**Q** 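One structure coming up, written as structure tokens, with questions to follow.
Computed from a predicted model, the values in this text were never measured in an experiment.
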Amino acid sequence: MKTILVTGGTDGIGKGVASHYLKKGYRVMVVGSSIAKGKLFLNEAKQLGAEDRTIFLQANLSLVKENLRMIEEIKNKVESLDMVVFSATSHTIKKEYTQTQEGFEFNFALAYLSRFILSFGLKEVLEKAESPVIVNVCAPGMKGSVDLNDIQNKNNYNGSKAGFHGSRLNDLLGVAFTNKDTVKKIKYVLFNPWAVATDGMMNAIKNPVARFFAKQLVKIVGKPVDKAVLPIIELMDNPPKNHLTAYIQRKEVSLTKKTFDRENALQLYGNTIKLLEGKMN
């Protein structure tokens, strides 16, 4: 039986992917912050008669210690992982620079640092599968840059831009991962779903007027979750030949773009390792 792990697996795209593979007969592990949503997912699995191959893991992935705990729990529960999908995110825009309990900027910690730790931390268990693949749901193919001297946006913080910055960090994470990977068995896919109509995104908009206009916009350009997950599923069922690829929906993105610069990726890797020193015990 194949096994898939989905972070952010109780909401939106993550839940859409998890539900698909649950119906397909996979063992499905979902990580989410809400126990209530986790119970709902487990109940849905029970209704499908799939409760014996469904695992919910509650965690706050903005914390390094929680990511480390997840790695150990996952390794204790399964011998191998065939697929990993990173889709945990926060739709709430922080108006001010906000730190986690461990001293990292919140968006940086959840959108990038968690995926960095899990990518490298689950590498060994992924390599035990026949054709392992990681799908990092972010936004490759978009413009932007990373200030390697201020990767946590401490200077001139802007909440709206923090999310886009996280995607640029993940572009470089994909490059660093495949450069550091000497085994070359895991296929790493950076995936941009474009506009998706999710409840989480809408609920995060507190202003009624803004929420109304957001809903109208999503109706025009957005896709429902069941449609948005189809390109992800296609990529996981038929992984690309190259070790690193990037897509906007079904359109492949050229890795020659400046956002995938190898030197920047390796420098970011080194900076991240330094940030994590003393917090990985």
Side-chain angles (χ1 to χ4, degrees), residues 1-22 24-33 38 41 53-59 61-62 64 66-89 110-140 166-167 169-171 173-178 180-181 183-193 229 231-240 242-247:
M1 184 188 299
K2 289 188 175 182
T3 303
I4 179 172
L5 169 73
V6 185
T7 68
T10 60
D11 277 303
I13 287 177
K15 185 178 180 181
V17 171
S19 297
H20 169 84
Y21 284 101
L22 199 61
K24 198 174 178 180
Y26 281 51
R27 178 188 293 111
V28 177
M29 307 176 73
V30 296
V31 181
S33 59
F41 187 81
R53 50 185 175 83
T54 307
I55 300 170
F56 167 67
L57 300 171
Q58 190 279 329
L61 293 180
S62 69
V64 172
E66 287 283 81
N67 285 278
L68 297 177
R69 179 174 66 84
M70 284 298 97
I71 292 170
E72 292 308 309
E73 286 200 28
I74 291 162
K75 287 182 176 179
N76 288 333
K77 291 181 182 296
V78 297
E79 292 185 2
S80 64
L81 278 174
D82 295 273
M83 304 170 176
V84 172
V85 178
F86 298 132
S87 62
T89 188
L110 179 60
Y112 166 70
L113 201 56
S114 167
R115 300 179 187 206
F116 179 97
I117 295 168
L118 294 176
S119 291
F120 287 98
L122 294 173
K123 185 174 182 291
E124 182 181 346
V125 72
L126 275 159
E127 287 170 345
K128 292 179 180 178
E130 184 178 347
S131 301
V133 59
I134 294 175
V135 175
N136 187 336
V137 181
C138 44
S167 286
L169 292 170
N170 278 298
D171 289 343
L173 167 57
V175 176
F177 183 89
T178 49
K180 292 291 181 179
D181 180 12
V183 178
K184 299 298 182 185
K185 190 175 184 181
I186 300 169
K187 302 300 174 61
Y188 204 109
V189 180
L190 297 163
F191 183 81
N192 183 346
V229 300
I232 301 176
I233 291 165
E234 291 166 8
L235 286 166
M236 290 196 293
D237 288 345
N238 299 284
N242 294 329
H243 295 292
L244 176 65
T245 50
Y247 289 83

**Q** Does any N or O in the side chain of R115 come within less than 3.5 Å of the main-chain N or O of A88, such that one atom is a donor and the other an acceptor?
**A** yes
**Q** Taking Y188's backbone N and O only, do any of them form a donor-acceptor pair with N136's side chain (distance below 3.5 Å, no angle check)?
**A** no
**Q** Test I186 against every option in T178, I134, L244 by the side-chain contact (heavy atoms from CB on, under 4.5 Å) rule and name the one that passes.
**A** I134
**Q** For the backbone of L126 and the side chain of K185, can you confirm whether one donor and one acceptor N or O come within less than 3.5 Å of each other?
**A** no
**Q** Taking side chain to side chain donor-acceptor pair (under 3.5 Å) as the cut-off, I'd like each qualifying pair that reaches into residues 125-134, sequence neighbours left out, listed once.
**A** K123-E127
**Q** So M236 and I4, do their side chains get closer than 4.5 Å, heavy atoms only?
**A** yes
**Q** Would you say L5 and V78 make side-chain contact, with heavy atoms under 4.5 Å?
**A** no
**Q** Give me the atom names and distance for the closest heavy-atom approach of R53 to Y21.
**A** NH1-O, 4.3 Å
**Q** With sequence neighbours excluded, give me every side chain to side chain donor-acceptor pair (under 3.5 Å) pair touching residues 67-86.
**A** E66-R69, N67-S114, R69-E73
**Q** Tell me the closest heavy-atom pair linking L110 and S62, and the distance in Å.
**A** CD1-N, 4.0 Å
**Q** Report yes or no: does D181 contribute a side-chain atom to a donor-acceptor pair with the main-chain N or O of K184 at less than 3.5 Å?
**A** yes
**Q** Could you go through M83 and L235, starting from their C-alpha distance and side-chain angles, then the distance that decides it, and tell me whether this counts as side-chain contact (heavy atoms from CB on, under 4.5 Å)?
**A** CA-CA 11 Å; M83 304 170 176; L235 286 166; over 6 Å; no
**Q** Taking it one step at a time, do I232 and H20 satisfy side-chain contact (heavy atoms from CB on, under 4.5 Å)?
**A** CA-CA 11 Å; I232 301 176; H20 169 84; over 6 Å; no
**Q** Measuring from I117:CD1 to Y112:OH, what's the distance to the nearest 0.5 Å?
**A** 9.5 Å
**Q** Which atom pair, heavy atoms only, marks the closest approach of A18 to F41?
**A** CB-CZ, 3.8 Å
**Q** On a heavy-atom basis, which atom in P239 and which in K187 lie closest, and how many Å separate them?
**A** CB-CG, 4.1 Å
**Q** Kindly give the heavy-atom pair with the smallest separation between S87 and G8, and that separation in Å.
**A** OG-O, 3.7 Å
**Q** Between C138 and N170, what is the shortest heavy-atom contact and its length?
**A** SG-CB, 3.8 Å
